[in-house]
Amino acid sequence: MDYNFKQTEKKWQEIWDREGTFVAGTDYSKPKFYALVEFPYPSGQGLHVGHPRSYTALDIVSRKKRLQGFNVLYPMGWDAFGLPTENFAIKNHIHPSVVTEKNVARFKEQLKSLGFSFDWTKEINTTDPEYYRWTQWIFLQLFREGLAYKKEMAVNWCPSCKCVLANEEAAGGVCERCGSEVVRKVKSQWMLKITDYAEKLLNGLEDVNFIERVKTQQRNWIGRSTGAQVKFQTTAGDVLEVYTTRPDTLFGATYMVMAPEHALIEKWADRLTNLEAIRAYQTAASKKSDFERTEVVKEKTGVRLEGVLAVNPVTGKEIPIFISDYVLASYGTGAIMAVPAHDERDYDFAKVFGLPIIEVVKGGDVTREAFVDCATGIMTNSGFLDGLSVEEAKKKITEWLSEKGIGEKKVNYKLRDWVFSRQRYWGEPIPIVHCPKCGAVPLPESELPLVLPEVDSYEPTETGESPLAKMTDWVNTTCPVCGAPAQRETDTMPQWAGSSWYFLRYIDPKNSDALASREAMEYWLPVDWYNGGMEHTTLHLLYSRFWHKFLYDIDAVTSPEPYAKRTSHGMILGENGEKMSKSRGNVVNPDDIVNEYGADTMRLYEMFIGDFEKAAPWNSASIKGCKRFLDRVWALMDTVTEGAVRGCVESAVHKTIRKVTEDIEGLKMNTAIAALMALLNEISATASVTKEELKIFITLLNPFAPHMTEEMWVLLGFEGQLNQTAWPVYDEKKCVDATVEIAIQICGKVRAKMNISPEAPQDEVLSAAKANEAIAAHLAGKSIVKEIYVKGKLVNIVAK
RNA sequence: GCCGUUGUGGCGGAACUGGCAGACGCAAGGGACUUAAAAUCCCUCGGCAGCAAUGCUGUACGGGUUCGAUUCCCGUCAACGGCACCA
């Protein structure tokens, strides 16, 4: 009897749906397991074969955990706000919500066809007002606590999307979405003070089980550095403050540099004798995008501030001040002390302007290049620091500065505040009213959700304002505080907003009083295992940790970190090894694979394709191997006999239970499947299978191929559903074979093999080895220097 | 430039904590069944030499430690990912 995957898969998917098989339980006395995968953006293209890689892996983990007695929550939803939908709506004059609804339906059908054990009763959609009501609520809390503020600032502006982009979305100077060149534009923007949480976000990494490269990337992104903030007196009377990580080199500071935007320049305007040249430089710098400004290759430029000098606080010498775009206004104090002898950039600049280069750490040759990597060097030309190590000098000078009141220890971060405004339609409206008298006033929580109004056109205005600005009926309102005529904020939130807390809503998606009930959060939080792409490490993952930590601080959630464990999957590439894309013509549609081979084969193949964390090219031919395997498992039913596990396969069965159990936990699905294939080969070699053996086999296989194994369960005459039974348990003692084949080496080279009991004493094994014919021949005429026996593995005889 | 990851057959990939390299699968070749094909089943499958037993060689490259190294150490090269004038 051949296996009809189409009929069987449909049958079980309907049963699971109808019976609510995978609905998370409400019995909070049971141990819980919360598995999470990144919810998709329901694009018009439909599901990508990359989605199921992650979803299948945690589906396997979830199914196994259920069999092991855990109360499992494995939810799914839609991250549905976003530009592609809006752009599609603009082009085709269809409301984004209609487009979203259609795309969601398609995605849902595709996900169901793959047999994932999602709890669909927890389904959420970020564009649902009942959902974004709480996204807005979180914003109001951030506003109340002073973590949301509006700021005039130069922002990354995409001229094509007519939209402000976060630094993260403008990487490399191009728009992440459309690829256009990003320019700078000054706009008033809502900002979130993620920098206030830099230290907490960094420290929190110590307590979570994230794969190391995720932690490293987050640490680099936060970019903590320690140094000193130092005050330099100037001849203008004002203090020019700088941040440095190398206070030890203070004696070598021969000039200073300020960012072109530095506020003191305006203050000093009267004194500056070359103001015109300075203005010209400022203008030129302001026109450049962040990307142009940070191009490393170019030669250093700048203008000296004629008329004002600074005083080096340790040498007492007057030193010149420059402005240059190699100093960033947004980091530290926006000004630096330049130590050309020990900093490459300062060195380059000093060379261009012919400035003195004074060596203060011995060991390099500062006439040729900057001596930067000088941690082991000894101080010189540095007065009271001379002869100290760099480390000692840092400590001493910092103490000295602090005693004199001209400097103090300081920590800085590369992390910037989060630009939270978008001038688009398809996002959460920001619940703020601008009152001429009261300023920015938060909407009362009782008025949430602030629903997106219907508009005629979704296109942003030419001035870059949100399409909502054109909706005067909606925009014009009254101030919630004083009742005077006021206007609504027309910017919307970025797509990251809805995804920053969605895992909280899954816990209790219908709750109308809170994000989720306290009781449910106490039980389910934190997420036990979160899998997603590496591309979200510094954006989504950091943002959501920030929101969660904030919510924890205001006592709105019950755990300090949202995710206990984070793993990451590699991309699935096209057959040619390149990234899958329409333009490359190498896209594989999951629907086609499910149609031709079935969901179980598709799931199995995606797990067998290779190391889960690494990128893997798709290979149509290899899928057949997985199909063959399933067909052979199905065919076992032809030779099944009543009975327990036979002695001839007992250790193989127990070893496989151990291997599959451990490998699923370690996300090594490829070797778990290989172990099942190997066990099948071993059982097949005996030309029959007992019912108990097959029962264990299909239980182990169930998380991978749930449809076929459920069907076999019924056909074998077992009661109920396989997914509601118990995961097999192995016996460590039964994992041991009576005899094992060991290698006998002479000087590290295998010369013979023999079978022994793994429990045989060393003496016995060694003499048996030496008695071996081939070994004896090799040893003839030589004297034995050393004999090594590795239990159950090998014997090595060293002879001369 | 800095940080991180990786380098194993024709291909995807295995190998615990230093212990028989190439598990498992794909592709390929040979055979069985078939009028034929598909499917299925059996055999071979890193390289060189040999009918074979077997020997030598082999985990990017060059060294080192060790009885023994894909694994540890030093150096070199290459690829991928992240950051990139962050003082």
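Values in this document were obtained by computation on a predicted structure and should not be read as measured data. A, B, ... follow the sequence lines: proteins, then strands. Residue 1 opens every chain.
Regarding A:Ile623, its CD1 atom lies at a distance of 17 Å from the P atom of B:G25, rounded to whole Å. Distance CG (A:Leu679) to C1' (B:G25): 16 Å, rounded to an integer number of Å. Residue A:Glu212 contributes atom CD, which lies 13 Å from atom C1' of B:C3 at whole-angstrom precision. The separation between A:Ile572 atom CD1 and B:G12 atom P is 15 Å, rounded to whole Å. Following rounding to the nearest Å, A:Arg246 (CZ) and B:A87 (C1') show an atom-to-atom distance of 11 Å.
Across all strands shown, B:G12 forms a Watson-Crick or G-U wobble pair with B:C24, both key distances being under 3.5 Å. The pairing partner recorded for B:A39 is none, the criterion being a Watson-Crick or G-U wobble arrangement whose two distances lie under 3.5 angstrom. The base-pairing partner of B:G55, taking Watson-Crick or G-U wobble contacts with both distances under 3.5 Å, is B:C48. Here B:C83 sits opposite B:G1 as a Watson-Crick or G-U wobble pair (both hydrogen-bonding atom distances under 3.5 Å). In this structure, B:C67 and B:G19 make a Watson-Crick or G-U wobble pair, each of the two defining distances being under 3.5 angstrom. Of the nucleotides present, B:A78 is the one that pairs with B:U6 by Watson-Crick or G-U wobble criteria, both distances under 3.5 Å.
Of the side-chain N and O atoms in A:Asn681, one or more sit less than 4.0 angstrom from OP1 or OP2 of B:G25. The phosphate of B:C80 has neither OP1 nor OP2 within less than 4.0 Å of any side-chain N or O from A:Arg213. Contact annotation: A:Asn670 side-chain N/O to B:A14 OP1/OP2 distance is under 4.0 Å. An OP1 or OP2 oxygen of B:A87 is reached within less than 4.0 angstrom by no side-chain nitrogen or oxygen of A:Tyr326. Within the 4.0 Å cut-off from OP1 or OP2 of B:C16, not a single side-chain nitrogen or oxygen of A:Lys668 is found. For A:Lys793 and B:G19, the shortest distance from a side-chain N or O to OP1 or OP2 is not below 4.0 Å.
In the set B:C20, B:G13, B:A87, B:C20 carries the atom at the smallest distance from any side-chain atom of A:Leu794. Across B:C85, B:A87, B:C16, the shortest atom-to-atom separation from the side chain of A:Ser225 is found for B:A87. Checking B:G55, B:G25, B:A15 against every side-chain atom of A:His778, the shortest atom distance belongs to B:G55. Picking from B:C24, B:G13, B:C3 the nucleotide with the shortest atom distance to the side chain of A:Thr216 gives B:C3. Closest to the side chain of A:Val790, out of B:G12, B:C24, B:G19, is B:G19. In the set B:A23, B:U6, B:C26, the nucleotide with an atom closest to the side chain of A:Lys614 is B:U6. Residue A:Ala621 has its side chain nearest to B:C26 when only B:C26, B:G12, B:G25 are considered. Residue A:Leu328 has its side chain nearest to B:A87 when only B:A87, B:A15, B:A23 are considered. You'll find that the side chain of A:Val327 is closest to B:A87, out of B:A87, B:G12, B:G55. Comparing B:A87, B:C20, B:C24 by their nearest atom to the side chain of A:Thr245 picks out B:A87.
Heavy atoms of A:Asn796 sit under 4.0 angstrom from at least one base atom. Counting any heavy atom pair closer than 4.0 Å across all strands shown, A:Arg632 reaches sugar-phosphate atoms only and no base atom. Among the protein residues, A:Thr537 comes within range of no part of the nucleic acid, since none of its heavy atoms lies under 4.0 Å from any strand. Across all strands shown, A:Arg628 has heavy atoms under 4.0 Å from sugar-phosphate atoms exclusively, and none from any base. Across all strands shown, A:Glu613 has no heavy atoms under 4.0 Å from either base or sugar-phosphate atoms. Within 4.0 Å (heavy atoms only), A:Asn412 reaches no atom of the nucleic acid at all. Contacts of A:Arg751 with the nucleic acid, taken as non-hydrogen atoms under 4.0 Å apart, involve only primed sugar atoms and P, OP1 or OP2. Base engagement by A:Glu741 is indicated by at least one non-hydrogen atom pair under 4.0 Å involving a base atom. Base contact: A:Ile788 has a heavy atom under 4.0 Å from a base atom. No contact: A:Asp348 has no heavy atom under 4.0 Å from any strand. Residue A:Ala615 is classed as a sugar-phosphate contact, given heavy-atom separations below 4.0 Å to backbone atoms only.
Look at the C1' atom in both B:C61 and B:C77: the space between them is 7 Å, to the nearest Å. Taking atom P on both nucleotides, B:C67 is separated from B:A79 by 38 Å, rounded to a whole Å. The separation of B:G22 from B:G30, taken at their P atoms, amounts to 26 Å, rounded to a whole angstrom. The separation of B:U65 from B:C80, taken at their P atoms, amounts to 35 Å, rounded to a whole angstrom. With C1' as the reference atom, B:A69 and B:A21 are 11 Å apart, rounded to whole Å. Rounded to the nearest Å, the gap between the C1' atom of B:G46 and that of B:C41 is 27 Å. Only the P atoms considered, B:A53 is 16 Å distant from B:G47, to the nearest whole Å. Taking atom C1' on both B:A78 and B:U8, the two are 15 Å apart, rounded to the nearest angstrom.
Regarding the sugar-base torsion, B:G47 falls in the anti class, its angle being beyond 90° of 0.
Between A:Phe608 and A:Phe629, the distance separating the two ring centers is not shorter than 6.0 angstrom. Ring to ring, A:Tyr597 and A:Tyr605 are not that close: their centroids are 6.0 angstrom or more apart.
The ring-ring contact (aromatic ring centres under 6.0 Å, His included) test with A:Trp418 singles out one residue from A:Tyr197, A:Trp496, A:Tyr543, and that residue is A:Tyr543.
If you check distances only, the side chain of A:Lys414 never reaches the base of B:C83 with a donor-acceptor pair under 3.5 Å. Between the side chain of A:Lys753 and the base of B:C20 there is at least one donor-acceptor pair of N/O atoms closer than 3.5 Å.
Heavy atoms of other residues, nucleotides or ligands lying less than 6.0 angstrom from NZ of A:Lys655 number more than 12.
Side-chain atoms of A:Asp763 and A:Tyr789 include no donor-acceptor pair closer than 3.5 Å. Between the side chains of A:Asn755 and A:Thr739, no donor-acceptor pair is found at a separation under 3.5 Å.
For the pair A:Ser568 (side chain) and A:Gly532 (backbone), a donor-acceptor distance under 3.5 Å is present. With hydrogens and angles ignored, the 3.5 Å screen pairs no side-chain donor or acceptor of A:Asn412 with any backbone N or O of A:Tyr331.
In terms of position along RNA chain B, the nucleotide closest to A:Ile609 lies nearer the 5' end than the nucleotide closest to the other residue of the pair A:Ile609 and A:Ala335. Where A:Ala678 and A:Lys624 each meet RNA chain B at their nearest nucleotide, the meeting point lying more 5' is that of A:Ala678.
Atom-to-atom distance recorded for A:Thr315:OG1 and A:Leu250:CG is 7.5 Å, nearest 0.5 angstrom.
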Q) After noting the C-alpha distance and the side-chain angles of A:Thr195 and A:Asp417, does the key distance pass the side chain to side chain donor-acceptor pair (under 3.5 Å) rule? A) CA-CA 6 Å; A:Thr195 48; A:Asp417 278 343; 2.6 Å; yes
